[in-house]
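First the proteins, then the strands, lettered A, B, ... as listed; each starts at 1.
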Amino acid sequence: MTPIIRIIEAKDHVGEVVTVRGWIKRRTGKGKINFLRVRDGSGIFQAVAFRPNLGDEKFTQVKRLTTESSVMLTGLIKADDRAPGVPGGYEMDLQDIEIVQIADDYPITPKEHGVEFLLDNRHLWLRSDRQWAIARVRATVIRAIRDWLDDHGYLLVDTPILTPAAGEGTTTLFEIDYHGVPAFLAQTGQLYNEADIFAFGKVYCFGPTFRAEKSKTRRHLQEFWMVEPEIAFCKLEELLEIEEQFVSYIVQTTLERCADELKLLGRDVTLLENVKPPFPRITYDEAVAMVNEAAARGVTVPPNDDSVPAIEWGDDFGSPHETFIASQFDRPVHVTHYPTRVKAFYMEPEPERPEVCRSTDMLAPEGYGEIIGGSERMSDPELLLAAIEKHKLPQDAYDWYIDLRRYGSVPHSGFGLGVERAVAWISGISHLREAIAFPRVLGRLTP
RNA sequence: UCUCCGGUAGCUCAAUUGGCAGAGCAUUCGGCUGUUAACCGAAAUGUUGUUGGUUCGAGUCCAACCCGGAGAGCCA
């Protein structure tokens, strides 16, 4: 019985006879030699089946292997510069083979496929090199998120997914039947996070969130994962520092741990190496001036090379504006102090200038858009009550939320980071649908 | 919801002015000792998204609808 190893461990077993269990990605052959590209989840390498070494009977079995057939392969691990794979450079000289199953005709071929076909076959598409690399980047990003927060005194406190009508942007909520009462899938855990900080100081929630927006772009999913830290005794300025330390750690950790995966994805990592504090900070006022100056010059932005439209002070930025602003910097940029009227009711107004609020968006470079939205929250109960009235929200639904400001209110801040947007940005992939195993894009619920 | 683009073999696409429905890949068979989307030879592959219309004749023109993609708005 030979030892069973994972492909990623092959480099530690050069000169040994071992067994690898996995799937045939592709078989190519030339007469008495066949090359098996093998995947086992940990990595990708090739096994070389050479008829004189393997014997006629086993070689005949090798030639029966179809794409995605499952096998147990035993052979000698050799270092060879010609050997492709991830990490590559090592291959198996095949000595024995046990076929677990000969796979039926596999629908996904090495040639190009359309988006619809691939999404219909998402359960199989996940087996491809590229999806494997993205899944590993995602897992690494999530681990970095949790490590950083856990190591910096944040307590994980999960927030509910089934929520009552909160009155804010109800058109974007998925409604469900909660035993005869309408309920909604959560689009944020933030309000609950605010309750949690008064009990636990610094908290985060991490889970799926739901937006029923009719958004059909590369930057939108109906269901996506978001991490939302919330911090007591924290004002906007401190929040900005936390955000950039957090994002830098995620990016640098992923660069370190997923070098092979990013290489497979063709990511230009030099653009990520810059992602270290401090990040540039501009105000909404400055951003508006930048945009309008660019609009006057007729600057165009990807993806369609449309010119940057002018903006009037007080309006929110559209995607082309954000793309342009982010393109002016070599790392993510904080844009702070948005007009109060375009932001959520709970954001703390700037005391000297209440028409703007102590909000911040972090825009990722390379057109990936807003990856973080955050703010200092309103801490005064009277101001909050007035804001709820001004936004014509049902006051009784917010009784508990106002309570938080009545029993030991403190300045506090928090933000939400979209996991798929972060993964897409770090991976350099163009569409969020590849940043999660089973994406929920508008108009699709399967597989 | 709006704007633009598309739907032809299992997959990716082609088809001239409206005139016999075609390739490559995948599949099957044969050949070859270093392949990286192998190569060479052979075989097999169709309700052209749906419905209706114009026409001697429609993949091609017209209308409606269905599905998909890109973008806008909104957001992470």
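Spacing between B:rA44 and B:rC29 at atom C1', rounded to whole Å, works out to 11 Å. Distance check on atom C1': B:rU48 versus B:rG22 gives 12 Å, rounded to whole Å. The gap from the P atom of B:rC67 to that of B:rU50 amounts to 15 Å, rounded to the nearest Å. B:rA15 sits 33 Å from B:rU1 when the P atoms are compared, rounded to a whole Å. Look at the P atom in both B:rA42 and B:rG53: the space between them is 45 Å, to the nearest Å. The C1' atoms of B:rG57 and B:rG18 are separated by 8 Å, rounded to the nearest whole Å. B:rC65 and B:rU55 have their C1' atoms separated by 23 Å, with the value rounded to a whole Å. Here, B:rG30 and B:rG49 have their C1' atoms 40 Å apart, quoted to the whole Å.
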Exercise. List the steps, then state whether salt bridge (Lys or Arg N to Asp or Glu O under 4.0 Å) holds for A:Arg358 with A:Glu237.
Key: CA-CA 9 Å; A:Arg358 294 173 67 74; A:Glu237 294 70 20; 2.8 Å; yes

Practice problem: Evaluate side chain to side chain donor-acceptor pair (under 3.5 Å) for A:Glu223 paired with A:Thr209, printing each intermediate quantity in order. | Solution: CA-CA 6 Å; A:Glu223 174 185 301; A:Thr209 50; over 6 Å; no

Practice problem: Mind running ring pair (Phe, Tyr, Trp, His ring centres under 6.0 Å) on A:Tyr284 and A:Tyr338 for me, showing each step along the way? | Solution: CA-CA 5 Å; A:Tyr284 171 87; A:Tyr338 279 69; 5.5 Å; yes

Quiz item: Does the side chain to side chain donor-acceptor pair (under 3.5 Å) test come out yes or no for A:Gln222 and A:Arg444, once each step is laid out?
Solution: CA-CA 10 Å; A:Gln222 302 290 293; A:Arg444 174 179 289 277; over 6 Å; no

Quiz item: Could you walk me through whether A:Lys276 and A:Glu244 pass the salt bridge (Lys or Arg N to Asp or Glu O under 4.0 Å) check?
Solution: CA-CA 7 Å; A:Lys276 290 176 180 165; A:Glu244 60 194 41; over 6 Å; no

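One cannot find a donor-acceptor pair under 3.5 Å joining the base of B:rC74 and the side-chain atoms of A:Thr172. Residue A:Gln46 places no side-chain atom within donor-acceptor reach of the base of B:rU36, judged by atom type and a 3.5 Å distance cut-off alone. Residue-to-nucleotide contacts include a donor-acceptor pair under 3.5 Å from the side chain of A:His220 to the base of B:rC75. For A:Arg444 against B:rC67, a side-chain-to-base donor-acceptor contact under 3.5 Å is absent.
Within the 4.0 angstrom heavy-atom criterion, no nucleotide atom of any strand lies near A:Glu223. A:Ser319 comes within 4.0 angstrom of a base, heavy atoms only. The residue A:Leu417 sits apart from the nucleic acid: no heavy atom pair falls under 4.0 Å. A:Asp316 comes within contact range of the sugar-phosphate backbone alone, with a heavy-atom separation under 4.0 Å but no base atom that close. As judged by a 4.0 angstrom heavy-atom cut-off over every strand, A:Ile108 is placed among residues making no nucleic acid contact. Among the heavy atoms of the strands lying under 4.0 Å from A:Phe117 are primed sugar atoms or P, OP1, OP2 only; no base atom is included. Within 4.0 Å of A:Pro84, counting heavy atoms only, lies at least one base atom of the nucleic acid. No contact: A:Gly369 has no heavy atom under 4.0 Å from any strand.
Of all nucleotides listed (B:rU12, B:rA72, B:rG34), B:rA72 comes nearest to the side chain of A:Pro320. Proximity note for A:Met226 (side chain, C-beta onward) versus B:rG73, B:rG69, B:rA76: the nearest is B:rA76. Minimum atom distance to the side chain of A:Asp105 is reached by B:rU27, of the listed B:rG69, B:rC75, B:rU27. Counting only heavy atoms from C-beta on, A:Lys32 has its side chain closest to B:rU33 among B:rA38, B:rG34, B:rU33. In this structure, the nucleotide among B:rC75, B:rU36, B:rU33 sitting nearest to the side chain of A:Arg82 is B:rU36. Closest to the side chain of A:Arg211, out of B:rA70, B:rU33, B:rC75, is B:rC75. Closest to the side chain of A:His113, from the set B:rU35, B:rC11, B:rC75, is B:rC11. For A:Arg219, whose side chain is taken as the heavy atoms from C-beta onward, the closest listed nucleotide among B:rU28, B:rC25, B:rC74 is B:rC74.
Here B:rG71 presents its P atom at 14 Å from CD of A:Glu322, a figure rounded to the nearest Å. Straight-line distance from the CH2 atom of A:Trp225 to the P atom of B:rC75: 24 Å, rounded to whole Å. If you measure from atom CG of A:Asp81 to atom P of B:rU36, you get 17 Å, rounded to the nearest angstrom. Separating the CG atom of A:Leu221 from the C1' atom of B:rA76 is a distance of 10 Å, rounded to the nearest angstrom.
Of the side-chain N and O atoms in A:Arg26, one or more sit less than 4.0 angstrom from OP1 or OP2 of B:rA38. Contact annotation: A:Arg51 side-chain N/O to B:rU33 OP1/OP2 distance is not under 4.0 Å. Between B:rG73 and A:Lys214, no contact under 4.0 Å exists linking OP1 or OP2 to a side-chain N or O.
Under the Watson-Crick and G-U wobble criteria, each requiring two contacts below 3.5 Å, nucleotide B:rC4 is paired to B:rG69. Across all strands shown, B:rA58 remains unpaired; no Watson-Crick or G-U wobble contact has both distances below 3.5 Å. Partner assigned to B:rU51 is B:rA63, using Watson-Crick or G-U wobble distances below 3.5 angstrom. Of all nucleotides present, none satisfies the Watson-Crick or G-U wobble test against B:rU36 with each distance under 3.5 Å. Under the Watson-Crick or G-U wobble criterion, with both distances below 3.5 Å, B:rU27 is paired with B:rA43.
A salt bridge is absent between A:Arg138 and A:Glu434; no separation between the charged side-chain nitrogens and carboxylate oxygens falls under 4.0 Å. A salt bridge does not link A:Arg136 with A:Asp260: none of the charged nitrogens is closer than 4.0 Å to a carboxylate oxygen.
Residues A:Glu91 and A:Ala83 come closest through the heavy atom pair OE1-CB, 3.7 Å. Shown here for A:Ser375 and A:Ser359, the closest heavy-atom pair between the two residues is CB-CA, 3.8 Å.
You cannot call A:Phe35 stacked on the base of B:rG34; the centres under 5.5 Å and planes under 30° rule is not satisfied.
Within the model, atoms CG of A:Asp80 and CD1 of A:Ile77 stand 12.0 Å from one another, a figure rounded to the nearest 0.5 Å.
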Sub-3.5 Å pairs of nitrogen or oxygen atoms, protein against nucleotides 44-47 of chain B:
none

Strictly under 3.5 Å: I want the nitrogen or oxygen pairs between protein and nucleotides 2-8 of chain B, one per line.
none

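With hydrogens and angles left out, the side-chain atoms of A:Asp40 and A:Trp23 include no donor and acceptor closer than 3.5 Å.
With A:Ser413 as the partner, the side chain to side chain contact (heavy atoms under 4.5 Å, CB included) test is satisfied by one option alone out of A:Ile197, A:Thr360, A:Leu239, A:Ile242: A:Leu239.
Counting heavy atoms of neighbouring residues, nucleotides and ligands inside a 6.0 Å radius, atom CG of A:Asp268 exceeds 12 of them.
A cation-pi contact, defined as under 6.0 Å to the ring centre and within 45° of the axis, links A:Lys202 to A:Tyr154.
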